[in-house]
Amino acid sequence: MGIGGSDMYRQQILDHYKNPRNYGEIEDPTFTHTGENPMCGDTIEMDVVLDDDEETIEHVAFRGDGCAISQASASMLSQELAGMPVEDLQAMDRDDIIDMLGVDISVMRVKCAVLAEKVAQDGVDIYFGEKDLDETTTED
Ligand code: FES
């Protein structure tokens with residue numbers, strides 16, 4: 001798979017890739033946002049439901065296509081985000097995602113790893129009118 005790290009974490013990534021959690025759609029989500037890694041064409045589309053006061057993420061579902069890292073990362077993130085304050089999501093960075101995955105990731109693959117996180121963060125920013133964007137890319 002081109003990633004280092006302990007077998008346990010590699011197994012966990014493969015498990016999330018093969019059996020993604022929260023895969024699918026949510027009816028009437030608070031918002032939906034999509035993103036792509038233009039280097040390879042991997043995609044993530046995410047539905048997010050916020051609670052009534054729009055401070056906490058209630059749940060997340062995603063669809064996607066791509067490598068084990070991008071898809072497993074979306075699956076793991078969907079679990080982490082359930083119940084998380086929106087401001088905690090906005091404070092996440094690539095190191096949090098690398099910690100979550102638990103493996104060493106090459107510079108190239110970091111963009112795969114953070115695709116789902118960027119989709120979730122941009123989705124929030126767009127929803128709250130802080131960003132104007134059609135689709136997230138991992139370019140910037
Ligand atoms: Fe492109 Fe993973 S190979 S996001």
Side-chain angles (χ1 to χ4, degrees):
M1 203 157 54
I3 49 174
S6 79
D7 273 358
M8 187 185 82
Y9 286 113
R10 294 164 68 102
Q11 287 306 327
Q12 193 184 16
I13 287 169
L14 284 175
D15 181 53
H16 275 267
Y17 178 53
K18 289 182 189 151
N19 307 295
R21 319 302 197 269
N22 302 305
Y23 197 91
E25 290 180 40
I26 297 171
E27 231 175 277
D28 290 328
T30 310
F31 61 84
T32 299
H33 187 55
T34 61
E36 180 180 24
N37 181 348
M39 299 284 288
C40 55
D42 285 20
T43 58
I44 297 285
E45 178 167 22
M46 199 177 274
D47 297 332
V48 176
V49 178
L50 300 180
D51 71 346
D52 287 342
D53 48 20
E54 301 194 325
E55 285 177 0
T56 305
I57 298 161
E58 276 188 347
H59 58 272
V60 169
F62 79 99
R63 285 82 62 200
D65 210 1
C67 68
I69 297 281
S70 70
Q71 304 303 306
S73 178
S75 172
M76 289 184 194
L77 187 66
S78 74
Q79 291 186 314
E80 292 230 340
L81 291 182
M84 183 185 280
V86 171
E87 61 180 21
D88 288 3
L89 163 62
Q90 297 309 71
M92 287 182 91
D93 62 19
R94 49 189 266 168
D95 291 338
D96 296 313
I97 300 299
I98 291 167
D99 282 353
M100 178 184 80
L101 291 167
V103 292
D104 298 326
I105 294 176
S106 68
V107 178
M108 283 291 295
R109 307 304 297 282
V110 166
K111 290 193 170 182
C112 306
V114 299
L115 176 60
E117 177 216 7
K118 293 190 75 172
V119 168
Q121 290 174 329
D122 281 349
V124 166
D125 284 343
I126 294 164
Y127 178 71
F128 287 111
E130 285 158 18
K131 219 178 220 181
D132 187 11
L133 192 73
D134 283 338
E135 188 182 70
T136 292
T137 77
T138 50
E139 281 301 273
D140 35 69

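Indexing begins at 1, ligand by ligand and atom by atom, following the structure's order.
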A.B. asks: Between L101 and S73, is there a side-chain heavy-atom distance shorter than 4.5 Å?
C.D. replies: yes

A.B. asks: Check whether any side-chain heavy atom of F128 lies under 4.5 Å from a side-chain heavy atom of V86, and answer yes or no.
C.D. replies: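 In short, these two side chains touch, coming nearer than 4.5 Å.
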
A.B. asks: Using a 4.5 Å cut-off on heavy atoms from C-beta on, say whether the side chain of Y127 contacts that of H33.
C.D. replies: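 Not in contact.
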
A.B. asks: Mind checking the CD1-CD spacing from I97 to E80? Nearest 0.5 Å is all I need.
C.D. replies: 7.5 Å

A.B. asks: So how far is it from L115 CG to I44 CD1, rounded to the nearest 0.5 Å?
C.D. replies: 5.0 Å

A.B. asks: Going by an N to O cut-off under 4.0 Å, is there a salt bridge joining R21 and D15?
C.D. replies: yes

A.B. asks: I'd like the residue list for ligand 1, meaning every protein residue with a non-hydrogen atom under 4.0 Å from the ligand.
C.D. replies: N37, C40, D42, C67, S70, C112

